[in-house]
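All values below come from the heavy atoms of this structure, side chains included, with hydrogens, waters and symmetry mates left out. All chains are named by letter (A, B, ...) in the order of the sequence lines, taking the proteins before the strands, and each is independently numbered beginning at 1.
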Amino acid sequence: MTGKRILAFLAHRLAIFAYVVFALFPLYWLLKVSVTPNKLLYSEGIRMWPSRTSFEHFEFVLRHSDFPVFFKNSLIVSGSTAVIVTALASLAGYALSRFGFRGKYWIVALMLLTQMFPLVMLVAPIFKMLSPLGLTNSLTGLILVYTAFNIPFATFLMQSFFDGIPKDLEEAAMIDGATQFVAFRQIILPLTLPGIAATLGFVFTAAWSELLFSLMLISGNDAATFPVGLLSFVSKFSVDFGQMMAAGVLALIPACLFFLLIQRYLVQGLTAGAVKG
Amino acid sequence: MASIDISAIRKSYGILPVLHGIDLEIRDGEFVVLVGPSGCGKSTLLRMIAGLEAVTSGEIRIDGKRVNDLAPKDRDIAMVFQSYALYPHMSVAKNMSYSLRLRKTPAEKIASVVAGAATKLGLDPLMERRPRALSGGQRQRVAMGRAIVREPKAFLFDEPLSNLDARLREQMRAEIKKLHQDLGATSIYVTHDQIEAMTLADRIVAMHGGIVQQVGSPLELYDNPANLFVAGFIGSPGMNFFEGRYMRSGETASFALTGGAVLPLPSTANLPDGSRATLGIRPEHVILGAEGPDAMLAKVDLVEPTGFGIIVHLTLGSVAFKAFTLDRRFLGMQGEVAVRLPVPNLHFFDEAGRKV
Ligand SMILES: Nc1ncnc2c1ncn2[C@@H]1O[C@H](COP(=O)(O)OP(=O)(O)OP(=O)(O)O)[C@@H](O)[C@H]1O
Ligand SMILES: [Mg+2]
């Protein structure tokens with residue numbers, strides 16, 4: 001019996017380990033290539049780690065490419081999108097969770113509907129709309145588009161977090177002397193921090209890695225975000241794998257930092273509602 | 001403190017009517033308990049008084065002032081929820097002071113009031129804890145503390161003790177009663193535990209199906225229930241009911257039980273001859289081991305000792321009923337026993353269930 005249990009335990013751990021290796025291997029490869037000197041990139045065959053490492057790619061990317069601009073643009077776009085979407089989705093999610101109002105059903109249905117189209121279909125009409133407004137080739141336009149596309153899902157996400165908070169709490173606050181809004185701000189919102197963190201993280205990463213609209217709406221390097229920038233390493237006559245990977249590693253940093261910052265809430269947030277606290 | 005007047009209150013959720021015209025006057029300082037089975041609309045009524053549910057029609061006045069359209073915060077009432085609804089991210093002290101902080105009460109005043117309430121409720125050592133680190137009974141006390149710190153016009157309680165175990169419930173019940181004696185605050189208390197209702201109430205409001213069935217002191221409802229519902233709801237073990245036909249012949253009358261037995265009645269009740277009726281008697285009024293002409297033989301089904309007394313399950317004809325006795329002689333009882341249903345303790349209900 002105990003032997004069996006140990007075996008099961010080991011198998012369980014092994015399965016998790018295998019999964020983690022599988023999931024993280026591309027990241028490892030990214031890191032590996034980024035520190036492999038160009039000379040060794042094609043000459044050494046397939047090795048788990050190059051015989052000599054160097055940071056030449058990083059240096060090139062930071063000093064001699066437009067990457068810092070892409071990076072800054074991405075940070076602005078993703079950060080703003082995450083903050084705007086989360087703020088709006090919190091309010092909308094709260095309304096959907098707590099209030100009954102006319103047209104609620106249709107609003108929800110419409111929001112779901114927007115999630116059903118392949119985005120590719122929408123590129124041309126959106127370009128047509130933004131172009132006369134001068135919002136193509138601008139970060140503002142990109143923020144606008146990302147915000148619009150992320151709000152429905154973020155709203156549903158926030159709604160589910162609000163649904164997990166008993167209504168009694170804000171009723172108690174209202175009896176204690178708060179208005180509905182004060183109850184929302186002082187009682188409900190602090191309890192939704194995990195949900196807010198999860199939504200922030202989700203939207204931030206979605207915007208950070210978005211390629212399609214960025215590619216279509218932005219031309220030229222000034223307003224390009226980093227996924228578009230990565231493609232610039234492909235151009236010309238060859239692919240600069242080393243530089244591309246170095247840029248990729250650098251692009252991981254803000255996402256990692258961001259998740260480190262919110263991970264305390266995130267773990268709570270993603271499991272909230274699973275168990276009644 | 002204040003009086004609360006409720007007149008012709010109705011409530012519908014969409015097309016579903018839940019309360020059908022409630023009238024109730026609650027005097028200043030009175031402790032009123034709303035009882036009734038699940039779903040009869042007790043919480044709905046309470047929440048309407050608190051301002052958490054809109055009033056469909058009718059009028060609620062607190063201290064003579066119409067409050068129908070007032071937000072909860074402007075009604076100056078306090079409420080203790082069944083779930084306690086403590087703010088999880090605030091310490092006990094912060095939970096208790098929240099209402100005062102919202103009202104911008106000076107800090108020194110808050111500190112002294114909260115400390116006073118904490119001492120009264122025995123919460124002193126727990127003030128810095130978060131609600132999740134408290135036991136059920138402690139949470140309950142914090143919820144009470146949150147209500148008493150600001151001296152509201154009235155206290156509303158929605159089944160505040162139903163999440164506690166039996167012993168703690170007994171203890172908190174006594175504490176609530178003591179608190180009420182201290183503060184003299186107008187209180188409305190919802191429960192479906194009729195012991196709570198009997199012990200706490202100045203007046204009980206028995207509700208059923210969104211209608212007030214009877215309002216009165218606990219003993220009034222116990223001794224003189226207005227209808228079958230109240231008779232059956234108040235008291236534990238509940239009142240026994242026998243269906244039958246009321247027969248009148250001249251100055252004497254009798255009651256023919258459906259099972260076949262006939263009960264002679266010396267005085268006449270206000271029922272027409274031959275009408276269907278229900279006879280009720282409380283278990284403690286059934287006399288066991290009776291002698292005399294009006295004794296009837298009942299089959300003993302089951303004997304339940306409760307420690308305090310004995311509940312005997314009996315069958316008369318085909319009707320099951322219960323007797324309650326303090327006499328331990330009946331512990332080992334088997335077979336048949338002679339019972340008597342003393343006439344002064346009988347309740348008669350007409351076909352519509354009204355007491356006659
Ligand atoms: N939001 C709502 N929408 C529709 N019907 C409701 C709503 N809230 C309550 N009801 C209905 O109103 C009736 C009364 O509910 P209420 O909560 O007042 O009962 P209660 O007497 O407090 O019962 P309990 O003892 O179980 O708490 C119930 O039949 C319930 O189904
Ligand atoms: Mg209720």
Side-chain angles (χ1 to χ4, degrees), chain A residues 90 94-95 97-106 158 160-200 262 264-277, chain B residues 13-14 43 46-54 70-90 94-105 130-133 139 142-160 163:
Chain A
S90 301
Y94 182 74
S97 168
R98 291 298 198 260
F99 304 133
F101 48 87
R102 209 155 359 120
K104 179 172 173 176
Y105 174 85
W106 290 107
M158 285 308 298
S160 72
F161 286 113
F162 288 121
D163 284 345
I165 295 176
K167 223 179 159 180
D168 283 3
L169 287 183
E170 70 228 84
E171 289 181 348
M174 277 155 66
I175 285 177
D176 267 349
T179 59
Q180 179 118 26
F181 184 71
V182 169
F184 170 71
R185 202 162 49 81
Q186 298 187 345
I187 306 296
I188 305 304
L189 216 50
L191 296 173
T192 327
L193 279 182
I196 289 176
T199 308
L200 270 178
I262 63 171
R264 187 162 67 92
Y265 300 106
L266 203 56
V267 175
Q268 280 178 46
L270 293 179
T271 55
V275 281
K276 269 265 179 273
Chain B
Y13 288 108
S43 299
L46 199 71
R47 292 166 54 80
M48 283 162 86
I49 297 170
L52 298 172
E53 296 287 348
L70 236 46
K73 74 182 178 72
D74 300 320
R75 298 192 184 194
D76 196 17
I77 33 91
M79 184 158 167
V80 178
F81 291 76
Q82 178 174 5
S83 64
Y84 312 140
L86 301 180
Y87 312 127
H89 57 303
M90 295 185 191
K94 288 264 184 312
N95 259 283
M96 284 170 63
S97 62
Y98 184 63
S99 61
L100 300 174
R101 283 183 284 137
L102 282 173
R103 284 176 172 71
K104 308 253 186 304
T105 314
R130 292 282 170 90
R132 98 176 54 150
R139 286 178 204 187
V142 178
M144 301 278 299
R146 197 168 61 177
I148 65 174
V149 287
R150 80 186 146 89
E151 299 176 11
K153 288 196 177 130
F155 289 107
L156 308 179
F157 301 86
D158 194 354
E159 308 197 27
N163 286 340

If I measure from the heavy atoms of chain B, does A/Q186 come under 4.5 Å with its side chain, its backbone, both, or neither? both
Which pairs pass salt bridge (Lys or Arg N to Asp or Glu O under 4.0 Å) with one or both residues in residues 74-90 of chain B, sequence neighbours excluded? B/D76-B/R150
Nearest non-hydrogen partners of A/L191 and B/H89, listed with the distance: CD2-ND1, 3.6 Å
Drop me the distance from B/L102's CG to A/M174's CE, to the nearest 0.5 angstrom. 12.5 Å
Would you find a donor on one side and an acceptor on the other, under 3.5 Å apart, between the side chain of B/Y98 and the backbone of A/A178? no
Which region of B/L100, side chain (C-beta onward) or backbone (N, CA, C, O), has a non-hydrogen atom less than 4.5 Å from a non-hydrogen atom of chain A, or is it both or neither? neither
Sort out for me which of B/P88, B/A71, B/A50 touches chain A most, counting heavy-atom pairs under 4.5 Å. B/P88
When rounded to the nearest 0.5 angstrom, what is the spacing between OG in B/S83 and CD in A/E171? 9.0 Å
Distance check, rounded to the nearest 0.5 Å: A/L169 atom CG versus B/Y84 atom OH? 14.0 Å
Locate the shortest heavy-atom distance separating B/A78 from A/I175; write the atom from each residue and the value. CA-CG2, 3.9 Å
Check the surroundings of atom OH in B/Y13: do more than 12 heavy atoms from other residues, nucleotides or ligands lie under 6.0 Å from it? yes
